[in-house]
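What follows is a short report on a single structure.
Small disclaimer: the values here were computed from a predicted structure and weren't measured.
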Amino acid sequence: MEIPKTYDPKITEDKWYSYWLQHKFFKSVPDNREPYTIVIPPPNVTGVLHMGHMLNNTIQDVLIRRARMQGKNACWVPGTDHASIATEAKVVALLKEKGISKTDLSREDFLKHAWEWKEKYGGIILKQLEKLGASCDWDRTRFTMEEDLSEAVIDVFIDLYKKGQIYRGVRMVNWDPQGLTAVSDEEVQHKEVNSKLYYVKYKIEGSADEWITIATTRPETILGDTAVCVHPDDERYRHLHGKRCIIPMVNRSVPIITDDYITMEFGTGALKVTPAHDINDYNLGVKHKLEVIDTIAADGKMSEAAKFYVGEDRFTVRKKIAKDLEEMGQIVKVEDIKNKVGYSERTNAVIEPKLSMQWFLKMDKISKPALENVLNGEVKLIPEKYVNTYKHWMENVHDWCISRQLWWGQRIPAWYDNKGNTVVCKTKEEAIQKLKGINSEVKSEDIRQDEDVLDTWFSSWLWPISVFDGFKNPEGKDINYYYPTNDLVTGPDILFFWIARMIIAGYEYKGQKPFSNVYLTGIVRDKLGRKMSKQLGNSPDPIELIEKYGADGVRVGMLLCAPAGNDLLFDESYTEQGRNFSNKIWNAFRLINGWETADVKQVPANKTAIQWFEAKFNEQLEIINDLYSKYRMSEALMATYKLVWDDFCAWYLEMIKPEFVDGKSLPIDQETYDATIIFFEKILKVLHPFMPFITEEIWHLIGERAEKDCIIVAEWPNTSGKTDEIVKHFDVVMEVITNIRNIRKQKNISPKEKLQVFEKVNQGEVISTYDEIIIKLCNLSSFEYVTSNVDNAFSFVLKHAEFFVPLSQNMDVEAEKERLSKDLEYNKGFLKSVEIKLANEKFVANAKPELIENERKKQSDAMAKIKAIEEQLAGLK
RNA sequence: GGGAGCUUAGCUCAGCUGGUUCAGAGCAUCUGCCUUACAAGCAGAGGGUCACUGGUUCGAACCCAGUAGCUCCCA
């Protein structure tokens with residue numbers, strides 16, 4: 001069978017993915033093995049795969065595949081999040097295209113559309129994960145709004161309400177006028193923008209022509225002003241204390257109050273107070289018992305209460321009122337300034353602070369164990385620097401606003417009668433009963449359920465418990481076996497939204513952490529460091545990348561540029577490197593595959609090569625294991641990469657590769673062949689977590705395999721643990737080889753011309769074990785030992801010996817002299833630095849003995865080397 | 001405004017408790033090779049005042065202080 005020169009992922013990926021599925025290798029059921037569990041950060045059900053998903057799911061898959069190979073019962077639970085705001089926004093947009101407005105629909109009809117849409121498009125992202133090779137147990141796929149999970153959410157709400165942890169209150173919330181819902185503080189992004197600062201003068205009541213000038217960036221809120229505030233110590237306004245002024249246009253008389261909250265330096269030092277539309281003003285309003293006039297409606301347009309511009313958008317009004325005030329002569333001046341404005345993370349609309357009735361979860365008590373157990377390392381955050389951020393947040397945690405003015409989500413189980421009584425319970429029947437207990441007159445048609453739904457995070461915070469039915473069946477097999485899970489892999493941007501809250505819920509409902517380790521990935525940015533976004537169009541389509549470079553190539557590419565915990569600047573060249581690596585592995589396979597064995601004796605060089613690689617492999621595998629244990633994924637990958645490319649392909653295979661004679665490859669001895677196959681299998685295993693497809697393909701090509709003998713379930717190689725001297729010896733051999741090759745290159749000698757090399761050993765014993773290997777890798781005709789210098793030869797000096805390469809051509813003596821002189825100078829400098837150190841009494845007195853010993857050795861080595869170089873120089877005529 | 005962190009080769013990053021010539025890796029670059037596994041390759045080479053300034057120390061990329069620039073989080 002002809003094997004193509006380049007690896008083609010297209011013919012292997014789908015094939016093996018379905019094979020794995022068919023043989024249920026991803027499936028996990030509790031048994032007596034040690035569990036290894038990851039719950040996926042559920043992507044939005046409406047979402048499509050982006051680079052951030054690629055990164056964290058690649059990492060999760062690497063972890064889960066390695067655990068599986070280590071014999072653990074690996075379980076990766078997939079699923080999606082109902083993402084109330086995002087999904088509802090998409091459904092609304094879709095309906096709008098069809099000419100249907102949300103307000104024309106009943107709640108039930110809207111939800112019907114939403115579910116239809118979810119069924120049709122939802123979960124595309126999970127299909128995409130398959131392309132990446134994600135080995136999730138798809139039978140366990142969950143959805144945060146499915147019946148069981150929703151029930152858990154409602155039960156938790158009721159439970160916390162009963163515990164007195166949930167309350168309803170009027171609060172200034174971050175209102176998203178586009179999404180028509182409140183969003184949490186964490187979902188508001190503050191961006192610096194260019195604004196105008198308007199200086200507007202208000203007339204002092206009862207005066208002929210006395211004015212007070214305030215500065216504001218939001219003149220449209222003037223209509224809702226109910227006071228003007230100055231600092232009590234501000235001399236400029238002392239005479240106005242206790243007086244009143246007139247709000248322009250609406251001609252309302254409001255008090256001039258004093259408060260030391262005011263910054264005298266900002267603007268004019270006089271602040272207009274609009275309690276309905278600014279959180280600080282609201283607090284001032286509460287303190288000074290000011291009237292609240294809500295002039296901006298939910299949709300961001302002026303309300304009836306504003307009296308002017310009713311029904312016009314707040315930003316239009318800002319321009320209009322500025323113009324109108326200008327015409328009235330009440331604008332003093334306008335300045336350009338930069339200030340921070342809050343934007344909704346979901347809809348990117350400018351947040352409007354707004355007073356409304358919301359449900360809250362008290363955070364002070366419930367969050368305590370979640371803080372403690374991160375600080376004491378019970379739950380580890382990786383990298384550790386996030387512990388600080390976490391601590392800071394948890395110590396200053398605000399109550400969590402858990403209601404959202406949406407339909408898509410779990411509806412709040414609170415019921416009201418017409419007299420203002422409230423009960424919290426699961427069903428309407430229960431509510432009727434309870435309310436009748438309070439108010440015997442009440443009729444069931446007067447009973448209404450709260451219109452709002454719960455924040456999406458109020459369901460996803462239960463995820464590690466609810467996916468194992470830990471609420472429905474607290475003593476179930478699954479929850480007891482898989483919980484607490486092992487690792488969570490997600491981005492630091494949701495440290496508070498999600499991670500912190502899962503930890504809180506874990507302790508509140510299971511009395512245990514939800515996971516032991518949290519691996520926080522970086523944020524994927526483009527080459528210029530910009531966040532990947534649709535608007536910028538700087539995000540490559542992951543599926544296209546997979547088609548171009550293969551899933552294995554993309555996985556490798558992602559991890560190559562993903563240093564632990566740092567943002568990563570993604571560039572397609574990394575995936576190209578990943579693809580090239582696939583190809584390298586493929587060709588190593590082609591080489592080995594092409595060998596014919598024969599009943600020939602194993603040459604000693606092959607035996608040495610095998611011993612060396614065995615030792616090298618063990619050494620590197622230990623390093624790789626250690627890097628995994630520290631979650632240093634990109635470094636584990638790089639170590640694997642070098643083990644395969646450099647040690648296995650560039651050195652080992654070149655050493656044992658049979659020679660070509662008369663256009664035919666000589667056969668290889670059986671012993672070496674067998675050892676090589678075993679090495680190659682081990683290499684494939686170590687590669688498998690990173691590159692599942694190509695390794696599975698080759699696994700089956702290099703040997704006859706039983707149906708279930710797949711690399712995905714092969715055993716992770718063991719290490720012997722012993723360090724072998726041969727690796728050290730070989731480092732010197734490699735140095736010799738590189739030096740000889742270097743001479744060849746520098747002197748422009750064709751690689752086909754065979755060279756002679758002589759070694760003069762100056763210290764230590766002669767080790768000739770590697771001579772044949774040197775001969776082969778440097779294309780030598782002979783490698784011999786001498787006791788004196790060889791004339792008319794290029795030379796180089798290593799620690800223990802001198803090497804001579806006699807030249808057929810005439811030697812450029814001057815050039816050689818110069819080269820040796822340089823080398824001599826360098827070594828003299830080195831010796832000097834060592835001697836200075838040793839002459840330093842304080843160093844000798846303070847440094848560790850072994851360190852001093854080492855310095856002495858360096859000294860004698862350097863002296864020997866200098867002597868050798870000097871002799872060679874003297875020999876050059 | 002408050003807090004956290006970062007600055008090492010052209011790029012992306014390692015460098016654990018200060019001590020081997022400790023200044024490293026991958027990519028990129030340069031040079032030579034179409035050597036029957038792979039040009040998506042092979043062989044070799046050149047790149048850095050470890051942001052800056054001072055201090056501690058026998059010894060500093062590493063510890064301390066200050067300066068500059070950048071990033072993130074919170075208000």
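Base pairing annotation: B:C72 forms a Watson-Crick or G-U wobble pair with B:G3, both donor-acceptor distances under 3.5 Å. Partner assigned to B:C22 is none, using Watson-Crick or G-U wobble distances below 3.5 angstrom. The partner of B:C34 is absent, by the rule that a Watson-Crick or G-U pair needs both atom distances under 3.5 Å. B:G59: no Watson-Crick or G-U partner with both key distances under 3.5 Å is found in any strand. Applying the Watson-Crick and G-U wobble criteria (two distances, each under 3.5 Å), B:C50 pairs with nothing in any strand. B:C16 is unpaired under the Watson-Crick or G-U wobble criterion, no partner having all donor-acceptor distances under 3.5 Å. Of all nucleotides present, only B:C27 satisfies the Watson-Crick or G-U wobble test against B:G10, with each distance under 3.5 Å.
The side chain of A:N388 lies closest to B:A4 when the candidates are B:A43, B:A4, B:A40. The listed nucleotides are B:U21, B:G26, B:C58; the one nearest the side chain of A:K842 is B:C58. Of all nucleotides listed (B:A40, B:C73, B:A75), B:C73 comes nearest to the side chain of A:F496. Of the candidate nucleotides B:A40, B:A14, B:A37, B:A40 has the atom nearest to the side chain of A:T6. Distance from the side chain of A:N580 is smallest to B:G41 among B:G41, B:G26, B:U21. The side chain of A:Q577 has B:G26 as its nearest neighbour among B:A37, B:G3, B:G26. Counting only heavy atoms from C-beta on, A:L591 has its side chain closest to B:A37 among B:C73, B:A40, B:A37. Residue A:K752 has its side chain nearest to B:U35 when only B:A14, B:A75, B:U35 are considered. Side-chain proximity of A:R632 to the nucleotides B:G15, B:G44, B:U36 is greatest for B:G15.
Here the C1' atom of nucleotide B:U21 and the CG atom of A:N827 are 10 Å apart, to the nearest Å. Summarising the geometry, the separation between OH on A:Y386 and C1' on B:G5 is reported as 9 Å, rounded to the nearest angstrom. Following rounding to the nearest Å, A:N742 (CG) and B:A45 (P) show an atom-to-atom distance of 5 Å. In this structure, A:N748 places its CG atom 14 Å from P of B:U31, rounding to the nearest Å. When the P atom of B:G59 is taken as reference, atom CD of A:E835 falls 19 Å away, rounded to whole Å. A straight line from CD of A:E384 to P of B:G5 spans 11 Å, rounded to a whole angstrom. The nearest whole Å value for the distance from the CG atom in A:N583 to the C1' atom in B:A40 is 5 Å. Atom CH2 of A:W595 and atom P of B:A37 are 10 Å apart (whole Å).
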### Task
Please step through side chain to side chain contact (heavy atoms under 4.5 Å, CB included) for the pair A:F581 and A:I694, ending with a clear verdict.
CA-CA 11 Å; A:F581 188 37; A:I694 189 173; over 6 Å; no
### Message
Between A:F589 and A:L701, is the side chain to side chain contact (heavy atoms under 4.5 Å, CB included) condition met? List the steps.
### Response
CA-CA 9 Å; A:F589 157 68; A:L701 290 173; 3.5 Å; yes
### Task
For A:R218 and A:E352, run salt bridge (charged side-chain N to carboxylate O under 4.0 Å, His left out): C-alpha distance rounded to whole Å, both residues' side-chain angles, the deciding distance at 0.1 Å, then the answer.
CA-CA 11 Å; A:R218 302 200 56 199; A:E352 187 63 49; 2.9 Å; yes
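Taking atom P on both B:C27 and B:G55, the two are 42 Å apart, rounded to the nearest angstrom. Comparing the C1' positions of B:U20 and B:G15 gives an interatomic distance of 15 Å, to the nearest angstrom. The same atom, C1', is picked in B:G59 and in B:U21; the two are 15 Å apart, to the nearest Å. If you take atom P in B:G26 and the same atom in B:C38, they sit 23 Å apart, rounded to whole Å. For the C1' atoms, the distance from B:C52 to B:U7 is 11 Å, rounded to whole Å. Straight-line distance between the P atoms of B:C6 and B:U49: roughly 23 Å, to the nearest whole Å. B:G41 and B:A28: their P atoms are spaced 8 Å apart (whole Å). A distance of about 30 Å separates the P atoms of B:A65 and B:G24, rounded to the whole Å.
Taking 4.0 angstrom as the limit, A:R741 places a side-chain polar atom (N or O) nearer than this to OP1 or OP2 of B:G44. Between A:K5 and the phosphate of B:A39, there is a side-chain N or O to OP1/OP2 separation shorter than 4.0 Å. Taking side-chain N and O atoms only, A:T738 has a distance below 4.0 Å to OP1 or OP2 of B:G44. Phosphate contact (OP1/OP2 of B:A37, side-chain N/O of A:K657, threshold under 4.0 Å): present. Phosphate proximity of B:A40 to A:W645: absent, as no side-chain N or O sits under 4.0 Å from OP1 or OP2. Contact check, A:Y641 against B:C27: a side-chain N or O comes under 4.0 Å of OP1 or OP2. Taking only side-chain nitrogens and oxygens, A:R590 never comes nearer than 4.0 Å to OP1 or OP2 of B:A40. Side-chain N/O atoms of A:K584 include one lying less than 4.0 angstrom from OP1 or OP2 on B:C42.
Side chain of A:N739 to backbone of A:E735: a donor-acceptor contact under 3.5 angstrom is found. The backbone N or O of A:T672 lies less than 3.5 Å from no partner atom in the side chain of A:N606, so there is not a single donor-acceptor pair. Not one N or O on the side chain of A:N748 forms a donor-acceptor pair closer than 3.5 Å with the backbone of A:R744.
With respect to the salt-bridge test (charged N to carboxylate O, under 4.0 angstrom), the residues A:K728 and A:E725 do not qualify. Ion pairing of A:E572 with A:K548 is present here, as a side-chain N (NZ or NE/NH1/NH2) and a carboxylate O approach within less than 4.0 Å.
Of the two residues near RNA chain B, A:N587 and A:Y574, the one whose nearest nucleotide lies more 5' is A:Y574.
Aromatic ring centres of A:F648 and A:Y652: separated by under 6.0 Å.
The residue A:E654 sits close to a base: some heavy atom pair falls under 4.0 Å.
Within 90° of 0 lies the glycosidic angle of B:G47, which makes this nucleotide syn.
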